Amino acid sequence: MKIHEYQAKNLLKSYSIPIPKGTIVKNKKDAISIWEDMKGIPLVVKAQIHSGGRGKAGGVKIVNTKEELVDYVSTLIGTVLYTEQTGKDGMPVECVLVEEALKFKKELYLGFTIDRARACITMLVSSEGGVEIEKIASQSPEKVMIEHIEPLLGLRDFQITRALLLTNIDSKYLRKLSSISKSLYRLFIEKDCSLAEINPLVITEDDEIVAVDAKINFDDNALFRHPEILSLRDYTQENHLEVEAAKYNLNYIKLKGNVGCMVNGAGLAMATMDLIKLVGAEPANFLDVGDGATSQMVKEGFKILLLDKDVKVIFINIFGGILRCDTLARGIVEAAYELQVELPIVIRLEGTNVEEGKRILTESGLSLITAKDMGEAALKVAGALGLTS
Amino acid sequence: MKIHEYQAKNLLKSYSIPIPKGTIVKNKKDAISIWEDMKGIPLVVKAQIHSGGRGKAGGVKIVNTKEELVDYVSTLIGTVLYTEQTGKDGMPVECVLVEEALKFKKELYLGFTIDRARACITMLVSSEGGVEIEKIASQSPEKVMIEHIEPLLGLRDFQITRALLLTNIDSKYLRKLSSISKSLYRLFIEKDCSLAEINPLVITEDDEIVAVDAKINFDDNALFRHPEILSLRDYTQENHLEVEAAKYNLNYIKLKGNVGCMVNGAGLAMATMDLIKLVGAEPANFLDVGDGATSQMVKEGFKILLLDKDVKVIFINIFGGILRCDTLARGIVEAAYELQVELPIVIRLEGTNVEEGKRILTESGLSLITAKDMGEAALKVAGALGLTS
Amino acid sequence: MSILVDKNTRVLVQGITGNEGAFHTRQMIEYGTNIVAGVTPGKGGGFFEGIPIFNTVSEAKKRMEIDATAIFVPPPFAADAILEAVESGIKIIVCLTEGIPTLDMLTVFHYVKSKDAVLIGPNTPGIISPGKCKIGVMAGYIHKEGSIGIISRSGTLTYEVVYQLSIRGIGQSTCIGIGGDPIVGLKYVDLLKMFEKDDDTELVVIIGEIGGTAEEEAAYYYKKNKKKPVVAFIAGVTAPSGRRMGHAGAIITGGKGDATTKIKTLEEAGITVVKNPAEIWQAVMDAKYKKY
Amino acid sequence: MSILVDKNTRVLVQGITGNEGAFHTRQMIEYGTNIVAGVTPGKGGGFFEGIPIFNTVSEAKKRMEIDATAIFVPPPFAADAILEAVESGIKIIVCLTEGIPTLDMLTVFHYVKSKDAVLIGPNTPGIISPGKCKIGVMAGYIHKEGSIGIISRSGTLTYEVVYQLSIRGIGQSTCIGIGGDPIVGLKYVDLLKMFEKDDDTELVVIIGEIGGTAEEEAAYYYKKNKKKPVVAFIAGVTAPSGRRMGHAGAIITGGKGDATTKIKTLEEAGITVVKNPAEIWQAVMDAKYKKY
């Protein structure tokens, strides 16, 4: 789960990590009010969307006058930003963060993430903050210090000291940086993060260390024990079809193609997408109805696919294991009737009770296109789209 | 470091472990005031001293009327209690804990301690609370469940469940007991305890689980990071000579004999005490001035020994390693002059620059009894006491 | 032969009286798995389908001979269940649960390792040595005894591959789902080593997907130690970056874990990578009859 | 010969520029110990008595060949210093610091073990193989090369025993203080095993004291595996219960760790226990010349 920059900063603050003075602004009135509060010092306005690259997209600006502030805030709120990461749909700006524009001497990077191969939390520190850590890591790997954290030990002072000394950060900042590192680590653990990064973490002209931007992602599997985090979820930043799907426990991700696909199981769903691509078409989505899909879930999956105006063909690929194909076929038939689906539907059913399942589909009177295996199904999908492959 | 029962209970409370309603009482007025607050329900009055066995010593009583309460409180405060553990000096009662006298169905034991051999924290649970855990463990070991806690894992639910199920505690209490176990474990870790036990932990007639008595000891080595714990130290509960010695960083423990001994190093100090006993005398104290004792520390050690009226002979046993014997001899001579010591002093000096040290002692004009080794010194101590051995 | 589990494996089921646990215990018994005990705290002393239930794993372990355990316990308690099994001395742990928090798994991973146990999963369909032992949720009937070893991160995609093989008469020695989570116990490389040593396995199929570097690790190992032919398929060539594709572990992050890199690394190690998931059987047949 | 350290041992000093560290580094060099590097964060690049100083242990380890480290770091930072040494791959760690919190040491103990390193101490005078290598704070000159192995929990009492032996011409192979804290690294039993294997050690002296069961563990081992004579002394027969006798580990708690029990257990294992601390030399001579 992702949260906004301002929410991440509030979390940092609750862990005693310094952040710039500022507040969230949702309208003109808020903007005027913060201008008065901050007594005319230069402010920075930052659009709050779940995406990086906001600066290039025009979502970040330093303002020096009240008019500038109010104008810019008015322009931003309610608009949609298109960054490198958002894709063609962009992301709506519902609120902006207005805070003091700090003057700083140096930008650092500090982040925690999980190293899957070593099965541990990893601290990354760089003396070159302000750009993406992946970029620093690929361009000047010697400037990124990596500390693997032993689960038995947790983050240790010697690791912090080592990482900071090796990045050539003046040792007079060691104590403050060490305290921030430990706090961020504690936040990572206590809130079940999958990523917690401060970038840039700046050294101001007054030698203070302040988190100027932050990105915190959470482990979806652990949200059950963090209602306080779950409450930070902003559905405006997610695709509405995905939000809808999630309500029914369906794993759905919107993509840019026109073949709507519904599959049971994540691996088979990805393989199905890949197969669609192989025959020259493009998947419109990833949709995993689960290994143990019920006919109800199949119906809801159908609805989601139909809500997507890009979809021209529907491809259902089910491998019934424990789930019986006849149960499933009944679900499909029922949903197709009820929803009055007019798009061509290619179905491939395999597994337990497949014969009975196929009989149900044939006898339904629906104009379903059936296939004996995944390969044939994909070709029929291409055919339905008028592609010659 | 030890603390009082009421302080331990306040700590439990801050970790959300239920304790009986009550308050600390230092005088008659306090007593009247709590009587009014508690609206006449039966109360228990418990003398606050750093010792177990208070009940038998007359330090605990249930009172049913205001008069009874005030009388008993007045009697207790300012008195000295003699328990099995206090020895002949007893311990002064400076305050008492007055709290509701709970009616309960069952007394349990819950404690955490350190297993030195396994190098881990250990949880002990027993369905037979109210008596000393050592007694339960020796009489009915099958009633004491021991869970060793892996440092990598911490205390785990399965361990709590296992310990509680095996002690035949009704599983309906599992959730509450589990929560209390985890809280006490957290307290143990966060406050660097060496012992944290709730005994008895009772199940009341209303099925509440309440800590009726508690004992919490702390790791002296970790007090530097717990000023909040250090502030709970009650010097009235400690021997005044020991308190005095601690000011000068001297390890001193008052014992019941009459040979005051001063040694550098804890092991050598214990061995010296044992040697005194072997020649038929009794050590008046343990005093370790440290491997690297300075002449200043020797002087302070002298003062402590002289403050003990039981001391009839002083035995100084020094093995100079890094510390030079001449430096030390000068310290002794200086202190003996300044303090005008009139007791016989037996000195055994060995190690670096011992010849020079001995010369200083001889030329000092003091009537010191020197010895060539520990064995001879001990015999001379016995001789000075008029013992024929 | 087979790896890890066979006819003699005595299996415990943790969470035996839950919905999932009860259903799959029946399925496993039906398949012929030797289920010897179950655990449900508070239900100790009872029986399920004639199998004794204990309150704790350590009690079960003391009373019965147990080689492996199947864990059907909800996500908030599953990590604890694994730890309990390891602490009690069980050496093969299969955790079916999906949705265990990643941080819980970090601790579990290292504890399992420190006690020389092996963990399959979590978020796995389990392990099956066809005709001998099934510890998991896969449909038993699609499998066939034979000589192909299968290691996969997914469920139905594995069934698909198994089925492609079985209907063409190609049986399997052992099929293992390593689990779709970011942190799992045994990985491709560990199992590949076991298959290399198993006399009855003549070819290994690796079914991988985006996320992490487990497939690459297997490739590095294979490059230096290849003995048997390996055929691989990597799902997610069309998956976008930064999105979790169903499995918690199927995500391309920070430019790492994309399918193209995995395919390249596997091919460089001498592994045949199939592009079309409908044709995995074909590649297996080619490799099997081309021989090595 | 000797155990653990000898003429070839290359030693790092952590906290080399502190008061204690600096003083004892000079003493160790004077004794002939091969000090090759020092660590003080922030002073990297400098030198102490011609020895290069590094900011971190891992840097020192990368640049120099290091076999052992001596830690002179204040209590709040000492556990971290041990962990840093272990993590950097140093296999023999001698921690002189007194006053490390016990809970810190629990973690340290298990980490050291998991990495196959050995820890001497903390709260130890250190280790000395007379004439070869001294890593610690003991006065070198009281020792004499020879064939007695000494394992002790205390400082000056050990010097006393060493001196009793040296002035009578009885030398030592290696003398180790295991440390006076409740949780220490190597214990009697570990070192006894090493001495049993050391050809040049013919007799072992165990100097124990109240608290814990480390002496008893050694006795249990010795009972089954005795090869060389062992002489023991246990300090604290007159120590009261429940009081910490100077050393954090010297405390009788819950009826455990009293001297009488220890003496009984050692004697039952066939170990000669001396009652008079002034006569330990005599018991050693008796055992040495009585032979085995």
Side-chain angles (χ1 to χ4, degrees), chain A residues 85 87 113-114 116-117 119-121 132-134 137-138 150-152 188-189 192-195 219-222 224-225 251 253 255 257 263-278 282-283 286 288 290-292 318-322 350-352 373-378, chain C residues 23-24 27 75-76 99-107 109-110 125 137-139 141-142 152-160 163-164 180-183 207 209-214 217 233 235-240 242-250 253-255 259 275-279:
Chain A
Q85 295 167 24
T113 181
I114 286 170
R116 290 169 60 158
C120 69
I121 298 171
E132 274 178 46
I133 189 71
E134 289 84 11
S138 69
E150 289 265 351
L152 170 63
F188 190 95
I189 299 270
D192 277 294
C193 299
S194 54
L195 173 73
D219 176 7
D220 290 345
N221 283 351
F224 71 86
R225 58 188 178 200
N251 269 311
I253 292 169
L255 299 168
V263 189
N264 67 329
L268 190 59
M270 278 188 276
T272 305
M273 284 160 48
D274 296 347
L275 187 56
I276 290 167
K277 179 84 175 183
L278 273 180
E282 283 282 344
F286 166 89
D288 166 19
D291 276 15
I318 299 291
F319 194 98
I322 296 301
E350 197 53 82
T352 316
D373 62 31
M374 276 174 78
E376 191 187 276
Chain C
F23 177 78
H24 289 293
Q27 296 275 329
I100 303 179
T102 305
L103 292 190
D104 292 4
M105 282 309 302
L106 298 185
T107 311
F109 181 90
H110 292 275
V137 302
M138 64 286 281
Y141 81 92
I142 59 171
S152 171
R153 270 163 72 183
S154 61
T156 47
L157 179 56
T158 315
Y159 310 161
E160 167 73 33
Y163 194 69
Q164 283 183 15
D181 278 356
I183 306 293
I207 305 167
E209 62 188 32
I210 55 160
T213 54
E217 287 158 32
F233 172 76
V237 174
T238 53
R243 302 304 306 269
R244 170 173 151 166
M245 305 301 284
H247 292 153
T253 41
K275 302 298 183 316
N276 187 330
E279 292 166 4

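So that the names make sense, note that chain A is the first sequence line, chain B the second, and so on, each numbered from 1. Just the heavy atoms: all of them, side chains too, but no hydrogens, waters or symmetry mates, feed the values below. Keep in mind it's a predicted model, so treat the numbers as computed, not measured.
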*Looking only at heavy atoms, which two atoms of A:Phe188 and C:Leu103 are closest? And how far apart?*
O-CD1, 3.8 Å

*Please look at C:His110 and chain A and tell me whether the side chain, the backbone, both or neither of the residue comes under 4.5 angstrom of a heavy atom of that chain.*
side chain

*Look at C:Thr158, C:Val237, C:Ile210 and state which one has the largest set of heavy-atom pairs under 4.5 Å with chain A.*
C:Val237

*Output the option from A:Ile189, A:Asp219, A:Asp288 having the highest count of non-hydrogen pairs under 4.5 Å with chain C.*
A:Asp219

_Region of C:Glu160 in contact with chain A, defined by heavy-atom distances below 4.5 Å_ = both

_C:Arg244 CZ to A:Asn221 CG distance, which is reported to the nearest 0.5 Å_ = 4.5 Å

_If we define contacts as heavy-atom pairs under 4.5 Å, which of C:Pro182, C:Ala235, C:Gly155 has the most with chain A?_
C:Pro182

*Among all residues two or more places apart in sequence or in another chain, which pass the salt bridge (Lys or Arg N to Asp or Glu O under 4.0 Å) test with A:Asp192?*
A:Arg225

_Contacting region of A:Ile318 [heavy-atom separation from chain C under 4.5 Å]_ = neither

*For chain A, find which of C:Gly249, C:Ala248, C:Ala239, C:Pro75 contributes the most heavy-atom pairs closer than 4.5 angstrom.*
C:Gly249

*What closest approach, in Å, do A:Met374 and C:Ala278 show between heavy atoms, and which atom pair accounts for it?*
CB-CB, 4.0 Å

Under 3.5 Å, side-chain donor or acceptor atoms of residues 263-270 of chain A against the rest of the protein: list the pairs with distances, not counting sequence neighbours.
unit_1: A:Asn264; atom_1: OD1; unit_2: A:Phe319; atom_2: N; d: 3.0
unit_1: A:Asn264; atom_1: ND2; unit_2: A:Phe319; atom_2: O; d: 3.0

*Do you know the tightest heavy-atom contact between C:Tyr141 and A:Gly320?*
OH-O, 4.2 Å

*asked:* Given heavy-atom pairs under 4.5 angstrom as the criterion, report whether the side chain, backbone, both or neither of C:Thr213 touches chain A.
replied: side chain

*Heavy-atom pairs under 4.5 Å with chain C, option from A:Ala222, A:Gly290, A:Ala137 with the top count*: A:Ala222

_For the CD atom of C:Glu279 and the CG atom of A:Leu278, what is their distance to the nearest 0.5 Å?_
8.5 Å

*Atom CG of A:Leu255 and atom OG1 of C:Thr238: how far apart are they, to the nearest 0.5 Å?*
7.0 Å

_chain A contacts, top residue of C:Gln164, C:Met105, C:Glu209 (heavy-atom pairs, under 4.5 Å)_ = C:Glu209

*Under 4.5 Å, counting heavy-atom pairs only, tell me which of C:Ile207, C:Ile100, C:Ile142 racks up the most with chain A.*
C:Ile100

*asked:* Please classify the contact of C:Ser154 with chain A as side chain, backbone, both or neither, using a heavy-atom distance under 4.5 Å.
replied: side chain

_Less than 4.5 Å to any heavy atom of chain A: does that hold for the side chain of C:Pro76, its backbone, both, or neither?_
both

*Sort C:Ile183 into side chain, backbone, both or neither according to what part of it lies under 4.5 angstrom from a heavy atom of chain A.*
side chain

*To the nearest 0.5 Å, what is the distance between OG1 (C:Thr156) and CD (A:Glu350)?*
13.0 Å

*asked:* Could you check whether any side-chain heavy atom of C:Pro101 comes within less than 4.5 Å of a side-chain heavy atom of A:Phe224, counting everything from C-beta outward?
replied: yes

